[in-house]
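Below: one structure, written as structure tokens.
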Amino acid sequence: MAVLATFASAETYKGYEMPPFQVFEARQAYEIRDYSPHILATVEIEGSLQSAASTGFRALAGYIFGGNATGEKIAMTVPVSQIPEGDRFSVSFMIPSKYDLASLPTPKDARITFETTEAERLAASQFSGYATGAVLRRRAAELRDILNRDGITIIDGPRYAYYDDPFTLPWRRRNEVAFAIAD
């Protein structure tokens, strides 16, 4: 049974800013969320899912921890997002909402790019534990099957999201698999 929740929104997780979204509908196995535009810092990485996530995180963390033209430290946000693209992965952080593209310092790492996302609708399924490649692929397949069963049109994905640091106990971790879907 679906529950309409148009007034629910998320702004932070454990004190970290998150991409702005409203839960359009909460279902048993997933939420349908409407995301507002926001700025992403992204790096494209080759390798396995785990090595790309680690390498991408380090590059982006270097930027926000002062690895930029001005040495400015930029607040951490969540989640770290990862999108498979063939044999490569896009790894992204959201830039805090106080910035716009013109006010961001230039990264020292030339692999880092910035973009403002479009508003979009995602179907997201949350889970705890270790987000290994096998777990993520299984969770993505399960969500894809459920969305197909529910007659929801998938536009792209999967997208993976990691909310907690590596030292967080597995049962306390928040991970997500999501697909962009048609309105």
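The pair Arg159-Glu120 counts as a salt bridge, with a side-chain nitrogen and a carboxylate oxygen less than 4.0 angstrom apart. Here Glu176 pairs with Arg33 in a salt bridge; the nearest charged N to carboxylate O distance falls below 4.0 Å.
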Side-chain atoms of residues 37-54: list all donor-acceptor pairs with protein atoms under 3.5 Å, sequence neighbours left out, distances to 0.1 Å.
| from | atom 1 | to | atom 2 | distance (Å) |
| --- | --- | --- | --- | --- |
| His38 | ND1 | Ser36 | O | 2.8 |
| His38 | ND1 | Thr117 | OG1 | 3.4 |
| Thr42 | OG1 | Ser92 | OG | 2.8 |
| Glu44 | OE1 | Ser90 | OG | 3.0 |
| Glu44 | OE2 | Ser90 | OG | 2.6 |
| Glu46 | OE2 | Arg88 | NH1 | 3.0 |
| Ser48 | OG | Ser51 | N | 3.1 |
| Ser48 | OG | Ser51 | OG | 3.0 |
| Gln50 | NE2 | Ala131 | O | 3.2 |
| Ser51 | OG | Ser48 | N | 3.1 |
| Ser51 | OG | Ser48 | O | 3.3 |
| Ser54 | OG | Arg58 | NH1 | 2.5 |

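Of all heavy-atom pairs between Arg121 and Ala182, the closest is CD-O, 4.1 Å. For the pair Arg111 and Thr55, the tightest heavy-atom approach, listed with the atom from each and the gap, is NH1-CG2, 4.3 Å.
Residues Tyr130 and Asn175 have side chains that never bring a donor and an acceptor to within less than 3.5 angstrom of each other.
Under the side chain to side chain contact (heavy atoms under 4.5 Å, CB included) criterion, Ile154 pairs with Arg144, Leu147, Asn148, Phe179, not counting sequence neighbours. Residues satisfying the ring pair (Phe, Tyr, Trp, His ring centres under 6.0 Å) criterion with Tyr63, sequence neighbours excluded, are Phe114. Contacts of Tyr162 classified as ring pair (Phe, Tyr, Trp, His ring centres under 6.0 Å), with partners at least two apart in sequence or in another chain: none. Not a single ring pair (Phe, Tyr, Trp, His ring centres under 6.0 Å) links Phe65 to another residue, sequence neighbours left out.
Although no hydrogens or angles enter the test, the distance criterion places a donor-acceptor pair under 3.5 Å between the side chain of Asp100 and the main chain of Ala102.
Side-chain contact check for Tyr30 versus Val177: every heavy-atom pair is 4.5 Å or farther apart.
Put simply, Val78 and Leu169 are part of two different groups of oily side chains (I, L, V, M, F, W, Y) that touch within less than 4.5 Å, one to the next.
Counting only residues at least two apart or on different chains, the ring pair (Phe, Tyr, Trp, His ring centres under 6.0 Å) pairs with a member in residues 81-113 are Phe57-Phe93.
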